[in-house]
Asker: 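Sharing a structure here in C-alpha coordinates format.
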Amino acid sequence: MTTYNIAIDGPAGAGKSTIARKAAARLGFIYVDTGAMYRAMALYFLRKGIDRDDEKTIAEACGSINISLHYKEGVQQVLLNGEDVSGLIRTEEVSQMTSAISVYAPVREKLLELQRELARTQDVIMDGRDIGTCVLPNAQTKIYLTASSHVRALRRFKELEEKGQRCNLEEIEHDIIERDYRDMHRDIAPLKQAEDAVLIDSSQMTIDQVIQAILEAVGDKNPEDGR
Ligand code: DC
(Lines give C-alpha, C1' and ligand atoms only; values in the text may rest on other atoms or scores of the structure.)
Protein backbone atom coordinates (compact mmCIF):
# COMPACT_ATOMS: atom_id res chain seq x y z
CA MET A 1 0.00 0.00 0.00
CA THR A 2 1.22 3.48 -0.81
CA THR A 3 0.70 5.85 2.06
CA TYR A 4 -0.60 9.40 1.68
CA ASN A 5 1.79 12.05 2.99
CA ILE A 6 1.07 15.71 3.66
CA ALA A 7 4.08 17.94 4.34
CA ILE A 8 3.64 21.25 6.16
CA ASP A 9 6.60 23.57 6.47
CA GLY A 10 6.89 27.12 7.68
CA PRO A 11 8.52 29.47 10.18
CA ALA A 12 8.15 29.42 13.97
CA GLY A 13 4.71 30.31 15.28
CA ALA A 14 2.87 30.08 11.95
CA GLY A 15 0.37 27.73 13.62
CA LYS A 16 1.64 24.58 11.92
CA SER A 17 1.16 22.24 14.86
CA THR A 18 -2.36 23.40 15.79
CA ILE A 19 -3.46 23.24 12.17
CA ALA A 20 -1.73 19.95 11.38
CA ARG A 21 -3.16 18.27 14.49
CA LYS A 22 -6.72 19.29 13.61
CA ALA A 23 -6.39 18.48 9.92
CA ALA A 24 -4.96 15.06 10.83
CA ALA A 25 -7.97 14.34 13.06
CA ARG A 26 -10.33 15.33 10.21
CA LEU A 27 -8.55 13.07 7.72
CA GLY A 28 -7.84 10.20 10.11
CA PHE A 29 -4.10 10.63 9.54
CA ILE A 30 -1.28 10.45 12.10
CA TYR A 31 0.19 13.84 13.01
CA VAL A 32 3.99 13.89 13.23
CA ASP A 33 5.53 16.95 14.89
CA THR A 34 9.20 16.80 13.83
CA GLY A 35 10.05 19.97 15.80
CA ALA A 36 9.33 17.98 18.99
CA MET A 37 11.99 15.45 17.98
CA TYR A 38 14.61 18.19 17.52
CA ARG A 39 13.47 19.76 20.78
CA ALA A 40 13.97 16.48 22.66
CA MET A 41 17.54 16.30 21.33
CA ALA A 42 18.15 19.92 22.38
CA LEU A 43 16.87 19.08 25.88
CA TYR A 44 19.40 16.26 26.10
CA PHE A 45 22.29 18.63 25.23
CA LEU A 46 21.01 21.27 27.67
CA ARG A 47 20.79 18.74 30.48
CA LYS A 48 24.35 17.60 29.77
CA GLY A 49 25.52 21.22 29.81
CA ILE A 50 26.85 20.95 26.24
CA ASP A 51 27.57 24.26 24.54
CA ARG A 52 25.44 24.92 21.44
CA ASP A 53 28.59 25.84 19.47
CA ASP A 54 30.47 22.65 20.43
CA GLU A 55 29.74 20.71 17.25
CA LYS A 56 32.21 17.90 18.02
CA THR A 57 30.71 17.05 21.43
CA ILE A 58 27.18 17.35 20.01
CA ALA A 59 28.07 14.95 17.18
CA GLU A 60 29.54 12.43 19.64
CA ALA A 61 26.57 12.71 22.00
CA CYS A 62 24.15 11.89 19.17
CA GLY A 63 25.17 8.24 19.55
CA SER A 64 23.76 8.18 23.10
CA ILE A 65 20.37 9.54 22.15
CA ASN A 66 17.30 7.55 21.24
CA ILE A 67 14.21 9.44 20.14
CA SER A 68 10.87 7.74 19.61
CA LEU A 69 7.25 8.77 19.30
CA HIS A 70 4.22 7.34 21.05
CA TYR A 71 0.59 8.25 20.72
CA LYS A 72 -1.58 8.57 23.83
CA GLU A 73 -5.25 9.06 22.93
CA GLY A 74 -4.14 10.33 19.54
CA VAL A 75 -1.71 12.88 20.99
CA GLN A 76 1.96 12.61 20.10
CA GLN A 77 4.37 12.06 23.00
CA VAL A 78 8.10 12.30 22.37
CA LEU A 79 10.38 9.97 24.28
CA LEU A 80 14.03 10.78 24.97
CA ASN A 81 15.84 7.57 25.89
CA GLY A 82 12.52 6.16 27.05
CA GLU A 83 11.46 9.22 29.12
CA ASP A 84 8.37 11.15 28.03
CA VAL A 85 9.72 14.71 27.75
CA SER A 86 6.70 16.21 25.93
CA GLY A 87 5.97 18.59 28.80
CA LEU A 88 9.55 19.89 29.05
CA ILE A 89 10.38 21.00 25.52
CA ARG A 90 8.26 24.12 24.96
CA THR A 91 10.36 26.68 26.85
CA GLU A 92 12.11 29.60 25.14
CA GLU A 93 15.47 28.19 26.24
CA VAL A 94 14.74 24.90 24.49
CA SER A 95 13.39 26.72 21.38
CA GLN A 96 16.61 28.67 20.92
CA MET A 97 18.84 25.65 21.65
CA THR A 98 16.84 23.58 19.16
CA SER A 99 17.26 26.09 16.37
CA ALA A 100 21.01 26.24 17.12
CA ILE A 101 21.67 22.48 17.20
CA SER A 102 19.45 21.61 14.22
CA VAL A 103 22.11 23.08 11.89
CA TYR A 104 24.40 20.08 12.52
CA ALA A 105 24.41 17.12 10.11
CA PRO A 106 24.63 14.33 12.77
CA VAL A 107 21.57 15.78 14.53
CA ARG A 108 19.56 15.88 11.32
CA GLU A 109 20.69 12.44 10.12
CA LYS A 110 19.61 10.94 13.43
CA LEU A 111 15.99 12.00 12.82
CA LEU A 112 15.67 11.78 9.05
CA GLU A 113 15.30 7.99 8.80
CA LEU A 114 12.85 7.84 11.69
CA GLN A 115 10.70 10.50 10.00
CA ARG A 116 10.78 8.74 6.63
CA GLU A 117 9.95 5.39 8.23
CA LEU A 118 6.86 6.87 9.92
CA ALA A 119 5.64 8.24 6.58
CA ARG A 120 6.37 4.98 4.77
CA THR A 121 4.16 2.94 7.05
CA GLN A 122 1.13 5.18 7.61
CA ASP A 123 -0.80 8.18 6.27
CA VAL A 124 0.78 11.21 7.94
CA ILE A 125 0.63 14.96 8.19
CA MET A 126 4.18 15.88 9.10
CA ASP A 127 5.23 19.40 10.02
CA GLY A 128 8.65 20.99 10.30
CA ARG A 129 11.09 23.07 8.25
CA ASP A 130 12.39 20.66 5.59
CA ILE A 131 9.59 18.13 5.15
CA GLY A 132 8.49 19.04 1.62
CA THR A 133 12.01 19.86 0.43
CA CYS A 134 14.06 17.09 2.02
CA VAL A 135 12.34 14.52 4.27
CA LEU A 136 9.36 13.69 2.02
CA PRO A 137 10.11 15.11 -1.44
CA ASN A 138 7.38 12.86 -2.89
CA ALA A 139 4.63 13.92 -0.46
CA GLN A 140 1.34 14.08 -2.36
CA THR A 141 0.39 17.43 -0.80
CA LYS A 142 2.83 20.11 0.32
CA ILE A 143 1.89 23.24 2.22
CA TYR A 144 4.06 26.22 3.11
CA LEU A 145 2.30 27.92 6.02
CA THR A 146 3.47 31.35 7.04
CA ALA A 147 2.29 34.63 8.64
CA SER A 148 3.95 37.97 9.30
CA SER A 149 6.45 37.98 12.18
CA HIS A 150 4.27 40.52 14.00
CA VAL A 151 1.16 38.33 13.83
CA ARG A 152 3.17 35.28 14.90
CA ALA A 153 4.63 37.18 17.87
CA LEU A 154 1.16 38.42 18.88
CA ARG A 155 -0.24 34.88 18.83
CA ARG A 156 2.63 33.65 21.00
CA PHE A 157 2.19 36.63 23.35
CA LYS A 158 -1.51 35.84 23.85
CA GLU A 159 -0.74 32.15 24.40
CA LEU A 160 1.78 32.97 27.14
CA GLU A 161 -0.54 35.56 28.72
CA GLU A 162 -3.33 32.97 28.89
CA LYS A 163 -0.94 30.70 30.78
CA GLY A 164 -0.35 33.56 33.20
CA GLN A 165 3.26 34.07 32.11
CA ARG A 166 4.69 37.58 31.96
CA CYS A 167 6.18 38.38 28.59
CA ASN A 168 7.27 41.17 26.31
CA LEU A 169 5.89 41.39 22.77
CA GLU A 170 8.99 43.03 21.30
CA GLU A 171 11.27 40.38 22.80
CA ILE A 172 9.07 37.61 21.44
CA GLU A 173 9.13 39.12 17.95
CA HIS A 174 12.90 39.57 18.16
CA ASP A 175 13.36 35.88 19.13
CA ILE A 176 11.07 34.76 16.30
CA ILE A 177 12.99 36.79 13.70
CA GLU A 178 16.30 35.45 15.02
CA ARG A 179 15.07 31.85 14.86
CA ASP A 180 13.61 32.32 11.34
CA TYR A 181 16.92 33.71 10.13
CA ARG A 182 18.89 30.76 11.52
CA ASP A 183 16.39 28.18 10.19
CA MET A 184 16.38 29.78 6.71
CA HIS A 185 20.11 30.35 6.33
CA ARG A 186 21.71 27.14 7.58
CA ASP A 187 23.67 25.03 5.08
CA ILE A 188 21.75 21.76 5.55
CA ALA A 189 18.03 21.52 4.83
CA PRO A 190 17.20 25.20 5.36
CA LEU A 191 13.60 26.32 5.65
CA LYS A 192 12.24 27.27 2.24
CA GLN A 193 9.09 26.77 0.26
CA ALA A 194 9.19 23.64 -1.93
CA GLU A 195 8.56 24.48 -5.58
CA ASP A 196 5.40 22.36 -5.60
CA ALA A 197 4.07 23.57 -2.23
CA VAL A 198 0.82 25.52 -1.83
CA LEU A 199 1.55 28.83 -0.07
CA ILE A 200 -0.86 29.78 2.72
CA ASP A 201 -0.36 33.10 4.53
CA SER A 202 -2.46 32.79 7.68
CA SER A 203 -1.92 36.40 8.89
CA GLN A 204 -5.56 37.29 8.19
CA MET A 205 -7.07 33.80 8.44
CA THR A 206 -8.78 31.87 11.22
CA ILE A 207 -7.66 28.36 12.15
CA ASP A 208 -10.76 26.90 10.46
CA GLN A 209 -10.06 28.81 7.24
CA VAL A 210 -6.51 27.47 7.13
CA ILE A 211 -7.69 23.91 7.75
CA GLN A 212 -10.24 24.34 4.98
CA ALA A 213 -7.53 25.56 2.59
CA ILE A 214 -5.42 22.50 3.41
CA LEU A 215 -8.33 20.10 2.95
CA GLU A 216 -8.99 21.75 -0.42
CA ALA A 217 -5.35 21.29 -1.41
CA VAL A 218 -5.64 17.61 -0.45
CA GLY A 219 -9.00 17.35 -2.23
CA ASP A 220 -7.35 18.55 -5.44
CA LYS A 221 -5.26 15.42 -5.20
CA ASN A 222 -7.82 13.07 -3.71
CA PRO A 223 -6.04 10.72 -1.25
CA GLU A 224 -7.89 7.77 -2.80
CA ASP A 225 -6.40 8.65 -6.20
CA GLY A 226 -2.94 9.13 -4.77
CA ARG A 227 -2.58 5.52 -3.67
O1 DC B 1 8.53 23.61 14.89
P2 DC B 1 9.30 23.94 16.17
O3 DC B 1 9.19 25.39 16.58
O4 DC B 1 8.95 23.02 17.30
O5 DC B 1 10.83 23.66 15.79
C6 DC B 1 11.88 23.95 16.69
C7 DC B 1 13.19 24.09 15.94
O8 DC B 1 13.55 22.80 15.40
C9 DC B 1 13.18 25.01 14.73
O10 DC B 1 13.54 26.33 15.10
C11 DC B 1 14.17 24.39 13.78
C12 DC B 1 14.19 22.93 14.15
N13 DC B 1 13.52 22.08 13.18
C14 DC B 1 14.21 21.71 12.06
O15 DC B 1 15.35 22.14 11.87
N16 DC B 1 13.64 20.86 11.15
C17 DC B 1 12.41 20.39 11.34
N18 DC B 1 11.89 19.55 10.43
C19 DC B 1 11.66 20.77 12.47
C20 DC B 1 12.23 21.64 13.37
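Atoms within a ligand are numbered from 1 in the order they appear, just like the ligands themselves.
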Asker: Test your reading of the model: is there a side-chain donor-acceptor pair from K16 to the backbone of I8, 3.5 Å cut-off?
Answerer: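 No; zero donor-acceptor contacts below 3.5 Å.
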Asker: Considering all heavy atoms of both residues, which atom of A119 and which atom of T3 are nearest to each other, and what is their separation?
Answerer: O-OG1, 2.6 Å
Asker: Taking only residues two or more places apart in sequence or in another chain, which ones pass side-chain contact (heavy atoms from CB on, under 4.5 Å) with D51?
Answerer: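 Checked D51 against side-chain contact (heavy atoms from CB on, under 4.5 Å); matches are D53, D54.
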Asker: Which atom pairs, one a donor and one an acceptor, fall under 3.5 Å between side chains of residues 30-48 and the rest of the protein, sequence neighbours left out?
Answerer:
| unit_1 | atom_1 | unit_2 | atom_2 | d |
| --- | --- | --- | --- | --- |
| Y31 | OH | D127 | OD2 | 3.0 |
| D33 | OD1 | G35 | N | 3.1 |
| D33 | OD1 | A36 | N | 3.1 |
| D33 | OD2 | R90 | NH2 | 3.0 |
| T34 | OG1 | D127 | O | 2.6 |
| Y38 | OH | R108 | NH2 | 3.1 |
| R39 | NH1 | I89 | O | 2.8 |
| R39 | NH1 | S95 | OG | 3.1 |
| R39 | NH2 | S95 | OG | 3.4 |
| R47 | NH1 | E83 | OE1 | 2.9 |
| R47 | NH2 | E83 | OE2 | 3.0 |

Asker: Show me the pairs that pass side chain to side chain donor-acceptor pair (under 3.5 Å) and involve residues 161-171, at least two apart or across chains.
Answerer: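 Not a single pair qualifies under side chain to side chain donor-acceptor pair (under 3.5 Å).
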Asker: At a 4.0 angstrom heavy-atom cut-off, what protein residues surround ligand 1?
Answerer: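 Within 4.0 Å of ligand 1, protein side: T34, G35, Y38, R39, R90, T98, S99, S102, R108, G128, R129, D130, I131, R179, D183, R186.
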Asker: Take R156 and D175 through the salt bridge (charged side-chain N to carboxylate O under 4.0 Å, His left out) test and state the conclusion after the steps.
Answerer: CA-CA 11 Å; R156 180 80 186 130; D175 287 347; over 6 Å; no
